[in-house]
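Below is one structure, written out as structure tokens, with a few remarks after it.
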Number of protein chains: 2
Amino acid sequence: MREMTVPESGPKRKLFDVAQQLLAAKGFELVSVRDITQAAEMNVAAVNYHFGSRDGLLSLVMYHHIMPLNEERLARLETVDRKGAGKSAALEEIIDAWVRPLVNQARHSGLSEQSFHQLVGKIFSLQNKDFPAAIQDSIQQVADRFTRSLVKALPTVVSEDLNARFHFMTGGLIHLLLNPPSQQASTIEATLGRFIRFAAAGLREGTETEAPAKKGPQATFDF
Amino acid sequence: MREMTVPESGPKRKLFDVAQQLLAAKGFELVSVRDITQAAEMNVAAVNYHFGSRDGLLSLVMYHHIMPLNEERLARLETVDRKGAGKSAALEEIIDAWVRPLVNQARHSGLSEQSFHQLVGKIFSLQNKDFPAAIQDSIQQVADRFTRSLVKALPTVVSEDLNARFHFMTGGLIHLLLNPPSQQASTIEATLGRFIRFAAAGLREGTETEAPAKKGPQATFDF
DNA sequence: GTCTATAAAGTGATAGAC
DNA sequence: GTCTATCACTTTATAGAC
């Protein structure tokens, strides 16, 4: 495996930045080496010189965004779980730990929020999932970790249901990344709140009859 | 616009059938004219002779599956709405009218259920949504029609919330088509039921405190 | 209808000069 | 590090023979 970092500046960085933009806009299948080098006003051979191959550059772009995103997701979940102490964490807070890094990492990405979401959405919905095993593994690990917390938060939901519901939630989120509401129609924060409420209700389905949703403990959650 | 039908048999049909299979498996960006003609054991020029161009064939594949799907969705919604008479239709039945045609049309498609779902999922998540205006319009029309029924079924949910929730539901469904649970893990019918319950709970969120979900009327719904 | 041959453009990658 | 030139393919599409 090659270097998994990108310099802060210089020609390699420029290629990388231009590549991200194009990938976010057109998708991984539709961006050629020439598209990238032309947009960067650099030589055709530059991609192969700096990244070994087209695939090397594309993998690096994925790695660069997905790994920090996954780390923040795990870190936030850790915090939420610790706060819940013995009791299971509040469902809304688990979902928040799942979605908020998508907003937070956008700010650290150097890309516009729009572009970052497009890019991440395209990565997560890649058709032929032949991306690097390291990324695949990391994604799986995060999903497993969240599934475990959800099981604790929703002990009465049988695992087949819970897995399916987590799946539905994930799909809704990817679709949201790829097809965001127009910015003037809705703030990101409002959309996030709507998503969390929607997903929480879906995940919780069927558990409220015996113990109706208590407003008390959940009131500490700020939306 | 060209003919929007395909003969029951013959070389044109063979090309069409092979094309659907490849498109379902690899996606629209990654299937070439040569892929198709080679798999069909026909000449390279056959696609252009029978369908005018690669794009003509691809558009026809979309048209062939999306239009009947949309029609069945509208027809089922009509039935549900009529049954509801003056009252608004049951939420679960509206969602059922939205998702069940995906199972039903699979049987009429000539494709395996798997392939049909892959194909439709890929069509609905096409990156550069440059597909024919007729299809785009039809999809929009169906979405609008369902939105109207949902508004009637959930009068207390403000429209920004409802639109967002419908969006989330759509995303979850597309993701489900593209990433189906393994067939031995779960029957289609069970997955459908799970999806409907998840989506209904999400759409209904916040409406249950004053008027707790009545089991009576919903009990007529069969899952 | 079916085929060959070919056009015209695009693809990723690399050798080798500077 | 940067560039040109080029290789070896692949792409869609079409003209024209059969």
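Naming: A, B, ... by sequence-line order, numbering from 1 per chain. This one's a predicted model, so the numbers in the text were calculated from it and none came from an experiment.
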*Apply the test salt bridge (charged side-chain N to carboxylate O under 4.0 Å, His left out) to residues A/R73 and A/D96: give CA-CA distance (whole Å), side-chain angles for both, the deciding distance (0.1 Å), then the verdict.*
CA-CA 9 Å; A/R73 279 179 160 178; A/D96 188 72; over 6 Å; no
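- Side-chain atoms of A/N48 and A/S53 include no donor-acceptor pair closer than 3.5 Å.
- Taking 4.0 Å as the cut-off between side-chain N and carboxylate O, A/E189 and A/R100 count as a salt-bridged pair.
- Here the two rings, on B/W98 and B/F166, have centers that are under 6.0 Å apart.
- Ring pair A/H64/A/F16: centre-to-centre distance below 6.0 Å.
- When rounded to the nearest whole Å, the span between CD of A/E29 and C1' of D/dT10 equals 17 Å.
- Between the side chain of B/R165 and the backbone N or O of B/A200 there is no donor-acceptor pair closer than 3.5 Å.
- DNA chain C is contacted by no residue of residues 35-42 of chain B, taking any non-hydrogen atom closer than 4.0 Å.
- Below 30°, between 30° and 60°, or above 60°: for A/H167 and B/H175 the angle between ring planes is between 30° and 60°, a tilted geometry.
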_Generate the contact string for nucleotides 4-9 of chain D. Rules: B means base contact, S means sugar-phosphate contact only, - means no protein heavy atom under 4.0 Å._
B-----
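- Nucleotides of DNA chain C that come within less than 4.0 Å of any heavy atom of chain A span, from the 5' end to the 3' end, C/dT11 to C/dT14.
- A salt bridge is absent between A/D81 and A/K152: the closest approach of a Lys/Arg side-chain nitrogen to an acidic carboxylate oxygen does not fall below 4.0 angstrom.
- No hydrogens or angles considered: nothing links the side chains of B/S32 and B/R54 as a donor-acceptor pair under 3.5 Å.
- Cation-pi geometry between A/K122 and A/F28 is not met at under 6.0 angstrom from the ring centre and within 45 degrees of the axis.
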